[in-house]
Amino acid sequence: MRILVAMSGGVDSSVVAALLKRQGHEVIGATLQLYDHSGPAKPGACCAGRDIMDARMVAERIGFPHYVIDAESRFRESVIESFADAYARGETPVPCVACNQGVKFTDLLNMARDLGCEAMATGHYVRRVEGPDGVEMHRPVDRDRDQSWFLFATTREQLEFLRFPLGEMPDKAHVRALAEELGLDVATKRDSQDICFVTNGSYAGLVEKMRPEIEGPGDIVDEKGNVLGRHEGIARYTVGQSRRLGDIHTGTGERQMVTAIDVPSRRIIVGPRQKLTSDESRRTVRLRDMNWLIDAPAEGVRCGVQLRAREGLRQAIVRPLEGNRAEVQLEEPALPAPGQACVMYEGDRVLGGGFILA
């Protein structure tokens, strides 16, 4: 097969390209230049100048063509600007989902088809399974590297064209050992961070620079509006957060958590964690921009749902609604953050998901 490999310059996508070449496929490598990398980058950042050179060196060593695509303006508009806008609305975005569904699984995938490729491969840790009713997405063998939550928005049409060779790998140590065996200089290169475009400083600093109207301190209040303390900027908080609330005085000694973010007044609203996590009124979650990897069941589907990237599954019934929305009825109360993803699972299989509404 002729296969386009999306290469970030890291060990994972480099191993994918080298393995496919060794298996006899015609490999074409492509690296996206996503943002200005002229300044010093934070250790662990990806898609910077060094990464482009690393991807090119892998292609030269293994022997396949490699292209660099300038996607900086597209990435800034579809990912970075949207990221800042979400925080300015009091939401907590997932930029990796926007990136995958924008420049990677749309633009790069279209380029693969234009080049006459029969598939596009990436270094993501997820499995593509040929099921009885079509292609399915499953968690990887190495659950510690699972990226399926970030890939929930992959459409069935895209999934037909995509390949994820690392999904069957037992662990990252095995991947690095393969890189050594294949003679790749990136074998010991450190993994990239989640938010690749925050190359120095913090994500909050970037958001405040891009959206100065939300910069600055404000009050931390309880749900009745009583001032409990001060904060240093609303972009530093997310609904459900109970850490970094500083020296707040409730008079009860109860541990607090963020329940809402009032952007116009720059207020962070908090409440007692124990009470909120047992509040039966917090069992319903609404979702927007649903992507179903199964036929949307009219009566709903009972499944496990994951409300954050590093949370376990919660049992729920998910029912489709008009306007590409859905309602999630949780078995137990939760306080999910608006803007985050709610991803549905049946065992290891991804059924789809959507973005949490306020």
Side-chain angles (χ1 to χ4, degrees), residues 3-8 10 12-13 15-16 30 32 34 46-47 75 78-79 82-83 92-110 112 119-131 134-169 172 175 191-197 287-294 296 303-313 318 324 326 339-356:
I3 303 177
L4 183 79
V5 179
M7 300 182 69
S8 67
D12 293 328
S13 56
V15 166
V16 166
L32 296 166
L34 299 180
C46 79
C47 311
F75 182 75
S78 65
V79 179
S82 296
F83 178 81
T92 306
V94 191
C96 292
V97 176
C99 180
N100 288 332
Q101 287 310 110
V103 291
K104 287 183 183 175
F105 289 178
T106 301
D107 298 357
L108 205 54
L109 194 144
N110 287 337
M120 185 176 97
T122 79
H124 289 105
Y125 286 81
V126 68
R127 285 187 297 145
R128 176 187 181 279
V129 176
E130 294 285 352
V135 68
E136 302 171 358
M137 181 187 292
H138 288 243
R139 294 187 190 269
V141 171
D142 183 2
R143 293 292 287 269
D144 290 337
R145 312 295 300 183
D146 182 13
Q147 292 175 298
S148 61
W149 188 83
F150 295 99
L151 296 176
F152 83 88
T154 307
T155 67
R156 283 191 273 187
E157 181 185 8
Q158 291 169 343
L159 199 54
E160 287 281 355
F161 196 74
L162 290 164
R163 301 293 185 272
F164 307 104
L166 300 188
E168 301 292 341
M169 296 291 173
K172 186 61 176 270
V175 175
D191 293 336
S192 62
Q193 63 184 35
D194 287 341
I195 306 178
C196 67
F197 53 85
L287 308 179
R288 61 172 171 82
D289 300 328
M290 283 294 297
N291 179 56
W292 292 91
L293 290 174
I294 58 172
C303 59
V305 297
Q306 187 173 331
L307 301 177
R308 283 182 171 85
R310 294 174 180 84
E311 275 194 356
L313 290 179
V318 182
N324 202 29
Q340 287 280 288
C342 173
V343 182
M344 305 149 51
Y345 292 88
E346 183 179 72
D348 280 347
R349 183 182 178 185
V350 182
L351 305 181
F355 293 100
I356 297 166

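One-based numbering along the sequence shown. Both backbone and side-chain heavy atoms feed into the values below; hydrogens, waters and symmetry mates do not. All of these numbers come straight from a predicted model, not from anything done at the bench.
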How long is the span from the [atom1] atom in [X] to the [atom2] atom in [Y], to the nearest 0.5 Å?
{"X": "H124", "Y": "L151", "atom1": "NE2", "atom2": "CG", "result": "5.0 Å"}
{"X": "L32", "Y": "K104", "atom1": "CG", "atom2": "NZ", "result": "7.5 Å"}
{"X": "Q147", "Y": "D12", "atom1": "CD", "atom2": "CG", "result": "7.5 Å"}

Below 4.5 Å, heavy atoms only, C-beta onward: do [X] and [Y] meet side chain to side chain?
{"X": "D107", "Y": "F75", "value": "no"}
{"X": "I356", "Y": "L287", "value": "yes"}
{"X": "V175", "Y": "R145", "value": "no"}
{"X": "M120", "Y": "L4", "value": "yes"}
{"X": "L166", "Y": "P140", "value": "no"}
{"X": "R288", "Y": "N324", "value": "no"}

| remark: Across all chains, not counting sequence neighbours, the side chain to side chain contact (heavy atoms under 4.5 Å, CB included) partners of E311 are L307, R308, R314
| side chain to side chain contact (heavy atoms under 4.5 Å, CB included) against Q158, all qualifying residues, sequence neighbours excluded | Q101, F105, T106, L109, T154, T155, L162
| task | Could you check V16 against T122 for side chain to side chain contact (heavy atoms under 4.5 Å, CB included), going step by step and ending with a plain yes or no? | result | CA-CA 7 Å; V16 166; T122 79; over 6 Å; no
| message | Run the side chain to side chain contact (heavy atoms under 4.5 Å, CB included) test on F150 and V126 for me, step by step, so that the C-alpha distance in whole Å, both residues' side-chain angles and the decisive distance to 0.1 Å come before the verdict. | response | CA-CA 10 Å; F150 295 99; V126 68; over 6 Å; no
Name every donor-acceptor pair, under 3.5 Å, that has one atom in a side chain of residues 343-354 and the other anywhere in the protein, sequence neighbours excluded.
{"residue": "Y345", "atom": "OH", "partner": "S148", "partner atom": "OG", "Å": "2.8"}
{"residue": "Y345", "atom": "OH", "partner": "W149", "partner atom": "N", "Å": "3.4"}
{"residue": "D348", "atom": "OD1", "partner": "R143", "partner atom": "NH1", "Å": "3.0"}
{"residue": "R349", "atom": "NH1", "partner": "E136", "partner atom": "OE2", "Å": "3.4"}

| task | Test side chain to side chain contact (heavy atoms under 4.5 Å, CB included) on V94 and F152 and set out the steps. | result | CA-CA 12 Å; V94 191; F152 83 88; over 6 Å; no
Only counting residues at least two apart or in another chain, list the ones meeting salt bridge (Lys or Arg N to Asp or Glu O under 4.0 Å) with [X].
{"X": "R163", "answer": "none"}
{"X": "D146", "answer": "R139"}
{"X": "E130", "answer": "R128"}

Taking all heavy atoms of [X] and all of [Y], pick out the closest pair and write down the distance.
{"X": "S13", "Y": "S8", "answer": "OG-N, 3.1 Å"}
{"X": "R156", "Y": "I294", "answer": "NH2-O, 3.5 Å"}
{"X": "L108", "Y": "A6", "answer": "CD2-CB, 3.6 Å"}
{"X": "F161", "Y": "A112", "answer": "CE2-CB, 3.8 Å"}
{"X": "P93", "Y": "P95", "answer": "O-CD, 3.5 Å"}
{"X": "V318", "Y": "C303", "answer": "CG2-SG, 3.9 Å"}

| query | Would you say Q340's side chain and T92's backbone share a donor-acceptor pair under 3.5 angstrom? | reply | yes
| query | So, Q306 side chain and A309 main chain: donor-acceptor pair closer than 3.5 Å or not? | reply | yes
| request: Using side chain to side chain contact (heavy atoms under 4.5 Å, CB included) as the criterion, point out the one residue from C196, C96, C99 that pairs with V79. | output: C99
